2 protein chains.
Amino acid sequence: MANRKAVLSTSNVRREAVVLSAMTVFAANGYLGTPVTDVAKRAKISTAYVFKLFPSKQELFVAALERCFEVILAALAKGAEESADQAPEPILFAMGGAYAALIADRKLLLLQIHAQSAAGVPEIAKAFRRGLASVVNFVKVRSNASDESVQRFIAYGQLCHLITTTGLDADTSSWASILTTGVRHV
Amino acid sequence: MANRKAVLSTSNVRREAVVLSAMTVFAANGYLGTPVTDVAKRAKISTAYVFKLFPSKQELFVAALERCFEVILAALAKGAEESADQAPEPILFAMGGAYAALIADRKLLLLQIHAQSAAGVPEIAKAFRRGLASVVNFVKVRSNASDESVQRFIAYGQLCHLITTTGLDADTSSWASILTTGVRHV
DNA sequence: CGGGTGCGTGATTGATTACTCACTGTCAAG
DNA sequence: CTTGACAGTGAGTAATCAATCACGCACCCG
């Protein structure tokens with residue numbers, strides 16, 4: 001059009017950009033709270049083309065959620081790798097630190113929260129379960145910790161989500177401190 | 001006009017019915033996923049009148065959320081009362097059982113999940129924090145348990161939410177069992 | 001009786017939004 | 001150069017929904 005050298009991209013490159021935009025925007029406003037137009041704007045393409053790349057908003061959200069869990073798994077793997085000690089509990093501790101560092105920007109965490117809330121949509125619920133399963137399995141296998149320890153790992157991870165979504169980390173009142181003390185969430 | 005009756009006036013009766021309907025319907029479909037019309041239908045009144053009783057959808061949701069936490073507090077109090085032993089840990093255990101029993105129908109739990117997801121709306125975030133604060137404070141004061149124990153109580157409560165929203169209690173796969181074993185969620 | 005006060009509603013409105021369609025522009029192979 | 005496949009879009013459409021408005025109806029006090 002106006003641009004003489006309008007280089008066409010491959011659809012896969014665009015798809016990637018759209019998924020990344022979707023992660024950010026859905027994380028900020030949730031599934032129902034985010035118009036596809038917002039995703040398109042952030043990816044700097046037209047809304048119509050987003051629908052060419054992803055047949056529906058739902059499938060776009062699922063793609064973003066799946067990517068979210070991929071990133072989390074990678075971070076856990078990296079954290080485990082960097083653990084000095086290879087005993088179960090130290091590995092779990094290292095993974096916890098890696099996760100805490102990862103969710104510093106709130107994006108991956110909020111996407112999970114919104115996915116949970118949107119679990120009324122069967123495809124979203126399934127994707128969330130798949131992601132959770134992969135995390136639990138990975139943590140269990142990689143750390144070789146007891147079931148109880150893995151359960152505790154996830155439980156305190158959920159507590160970390162609660163702390164972050166409600167902004168308790170910036171709260172110094174006594175009740176907030178009860179929840180936040182000792183929990184690494186940067 | 002000075003005083004009609006010592007008992008609730010008609011509009012307050014309606015307001016009460018609307019709040020109860022709102023709890024159920026918002027729990028089922030979330031804040032953005034629920035039209036006010038659905039609340040009205042369930043309360044068997046017109047949509048217009050719902051807006052006379054509550055000035056906006058947002059305030060209606062907040063009212064439902066506040067009621068949710070009131071019910072939870074009452075259940076925790078009752079659970080603590082029924083504890084045979086008055087030492088901190090037994091009281092916590094009794095409260096956990098009471099909470100698990102309470103959320104058997106998923107309504108109060110789902111409302112919390114949806115509130116967390118809708119915390120982008122400042123008034124909803126504030127209400128959620130108030131509710132959480134009241135729970136934490138009550139648990140701490142009533143049980144007289146250590147901060148660490150209270151923190152663990154909440155963390156495993158959040159795990160319980162995760163289990164229920166994803167339907168893990170009906171899942172017998174090994175990864176699901178890691179999360180569910182020993183968690184009371186009926 | 002008359003009239004005021006508060007309960008209650010059907011119809012509407014204006015904004016938003018998921019998704020579609022008809023279309024233009026690009027590029028590489030033959 | 002032509003062709004055809006693919007990248008990309010502006011302009012819709014049909015549906016949904018928060019919120020309002022104009023209006024009745026029941027009851028009660030004087």
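Chain letters run A, B, ... following the sequence lines, proteins first, then strands; residues in each count from 1. Here the structure is a predicted model, which means the values were calculated and not measured.
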For this session: Look at the side-chain heavy atoms of Ile, Leu, Val, Met, Phe, Trp and Tyr, link any pair under 4.5 Å apart, and say whether A:L132 and A:F138 land in one connected group.
Result: yes
Problem set entry | Check against side chain to side chain donor-acceptor pair (under 3.5 Å), B:Q116 and A:S117 | CA-CA 8 Å; B:Q116 243 183 108; A:S117 176; over 6 Å; no
For this session: Indicate for each nucleotide in nucleotides 18-24 of chain D, in 5' to 3' sequence, whether protein heavy atoms under 4.0 Å reach the base (B), only the sugar-phosphate (S), or nothing (-).
Result: SBBBB--
Output side-chain donor-acceptor pairs under 3.5 Å for residues 61-73 of chain B, partner residues at least two apart or in another chain, one line each.
from	atom 1	to	atom 2	distance (Å)
B:E66	OE2	B:R130	NH2	2.7
B:R67	NE	B:E70	OE1	3.4
B:R67	NH1	B:E16	OE1	3.4
B:R67	NH1	B:E16	OE2	2.9
B:R67	NH2	B:E16	OE1	3.1

For this session: Measure from the side-chain N and O atoms of A:T165 to the backbone N and O of A:L162, and report whether any donor-acceptor pair falls under 3.5 Å.
Result: yes
Exercise. Under 4.0 Å: is that the gap between some side-chain N or O of A:S11 and OP1 or OP2 of D:dA7?
Worked result: yes
For this session: Hey, can you tell me if A:Y156 and B:Y156 have their rings parallel, tilted or perpendicular (30° and 60° cut-offs)?
Result: perpendicular
Exercise. To the nearest angstrom, how far is B:Y49 atom OH from D:dA26 atom C1'?
Worked result: 13 Å
Exercise. Going by an N to O cut-off under 4.0 Å, is there a salt bridge joining B:E81 and B:K78?
Worked result: no
Exercise. Taking CG from B:L53 and P from C:dG6, how many angstroms apart are they, rounded to a whole number?
Worked result: 14 Å
Exercise. In whole Å, what is the span from the NZ atom of A:K41 to the P atom of D:dT9?
Worked result: 14 Å
Problem set entry | Side-chain N or O of B:R14 closer than 4.0 Å to phosphate OP1/OP2 of C:dC7 | no
